[in-house]
Amino acid sequence: QVQLVESGGGLVQAGGSLRLSCVASGRTFGSYRMGWFRQAPGKEREFVAAINWSSTSTWYADSVKGRFTISRDNAKATVYLQMNSLKPEDTAVYYCAATNSVRRYWSEDEYAYWGQGTQVTVSS
């Protein structure tokens with residue numbers, strides 16, 4: 001089992017920045033691929049970014065590419081999402097997720113463990 005706890009959400013103006021953190025506990029964090037997903041009101045949850053266990057590969061949704069950066073610190077069992085140039089359409093609940101699958105990094109079906117989510121609200 002892996003327990004995930006997100007933090008760092010909040011209210012920010014358009015153009016601003018936020019840094020989300022997700023701390024993991026339980027089984028070996030360093031062996032898991034980590035992902036960030038988000039769900040806006042009335043919409044389905046969508047992929048945002050993912051990173052492999054060694055940080056040698058990262059993947060991003062087109063909508064956040066160039067603005068968001070995913071990173072991890074295995075010694076601290078933490079994954080981060082640095083969000084810059086935020087837009088109102090980035091408003092959502094952001095979820096951290098973990099998987100030991102090497103397939104379909106973009107699919108929430110591949111992720112076995114989820115955090116409770118943290119709200120990000122971007123005002124115009």
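Values reported hereafter were calculated over all heavy atoms of this structure, with side chains retained and with hydrogens, waters and symmetry mates removed. Quick caveat: nothing in here was measured; it's all calculated off a predicted structure.
- Nearest heavy atom pair, residue L4 against residue A24, reads CD2-CB, 3.6 Å.
- The heavy-atom pair separating S123 from L11 by the smallest distance is CB-CD1, 4.3 Å.
- Looking at T91, its side chain never comes within 3.5 Å of a backbone N or O of T121 through a donor-acceptor pair.
- Checked against salt bridge (Lys or Arg N to Asp or Glu O under 4.0 Å), K65 has the following partners two or more places apart in sequence or in another chain: D62.
- Put simply, the side chain of V2 reaches to within 4.5 Å of the side chain of Y32, judged on heavy atoms.
- Looking at every heavy atom in both residues, W36 comes nearest to L20 through CH2-CB, 3.7 Å.
- Residues passing the side-chain contact (heavy atoms from CB on, under 4.5 Å) test with S107 are R104, D109, E110, sequence neighbours excluded.
- For the pair R19 and Y80, the cation sits on the ring face: its NZ or CZ lies under 6.0 Å from the ring centre, inside 45° of the axis.
- Of the candidates N52, V79, T99, V79 is the only one forming a side chain to side chain contact (heavy atoms under 4.5 Å, CB included) with M34.
- With sequence neighbours excluded, the residues satisfying side-chain contact (heavy atoms from CB on, under 4.5 Å) with V12 are L18, L86, V122.
- R67 approaches S85 most closely through the heavy-atom pair NH1-O, 2.9 Å.
- Residues that satisfy the side-chain contact (heavy atoms from CB on, under 4.5 Å) test with S124, not counting sequence neighbours, are P88.
- Judged as a ring-ring contact (aromatic ring centres under 6.0 Å, His included), and not counting sequence neighbours, Y60 has no contacts.
- Looking at every heavy atom in both residues, S55 comes nearest to I51 through OG-CD1, 3.7 Å.
- The side-chain contact (heavy atoms from CB on, under 4.5 Å) check on Q39 picks up R45, Y95, with sequence neighbours excluded.
- Under the ring-ring contact (aromatic ring centres under 6.0 Å, His included) criterion, F68 pairs with no residue, sequence neighbours left out.
- Shown here are the side chain to side chain donor-acceptor pair (under 3.5 Å) partners of S17, two or more places apart in sequence or in another chain: N84.
- In this structure, T69 and L81 have side chains that are not in contact, with every pair of non-hydrogen atoms separated by 4.5 Å or more.
- Side-chain N or O atoms of T28 include none that pairs as donor or acceptor with a backbone N or O of G30 at under 3.5 Å.
- Residues V48 and V93 do not share a hydrophobic cluster, clusters being chains of Ile/Leu/Val/Met/Phe/Trp/Tyr side chains in contact below 4.5 Å.
- In this structure, OH on Y113 lies 13.5 Å from SG on C96, to the nearest 0.5 angstrom.
- Under a 3.5 Å cut-off, the side chain of R72 and the backbone N or O of S54 do not form any donor-acceptor pair.
- Nearest heavy atom pair, residue S21 against residue T78, reads CB-CG2, 4.3 Å.
- Listed by first and then second residue, the ring pair (Phe, Tyr, Trp, His ring centres under 6.0 Å) pairs involving residues 38-58 are F37-F47, F47-Y105 (not counting sequence neighbours).
- For E89, there are no salt bridge (Lys or Arg N to Asp or Glu O under 4.0 Å) partners two or more places apart in sequence or in a different chain.
- Sorted by first then second residue, the side chain to side chain donor-acceptor pair (under 3.5 Å) pairs that include residues 5-15, not counting sequence neighbours, are E6-Q116.
- Judged by distance alone, with hydrogens and angles left aside, the side-chain atoms of N74 form no donor-acceptor pair with the main-chain N or O of A77 at under 3.5 Å.
- Hydrophobic clustering keeps I70 apart from W59 (ILVMFWY residues linked when any side-chain heavy atoms are closer than 4.5 Å, directly or through intermediates).
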Evaluate the side-chain contact (heavy atoms from CB on, under 4.5 Å) criterion for residues V102 and R33: first the C-alpha distance (whole Å), next the side-chain angles of each, then the deciding distance (0.1 Å), finally the verdict.
-> CA-CA 8 Å; V102 296; R33 172 186 291 170; 4.2 Å; yes
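- Take R38 and apply the salt bridge (Lys or Arg N to Asp or Glu O under 4.0 Å) test, not counting sequence neighbours, and it matches E46, D90.
- Counting heavy atoms from C-beta on, the side chains of F29 and K76 never come closer than 4.5 Å.
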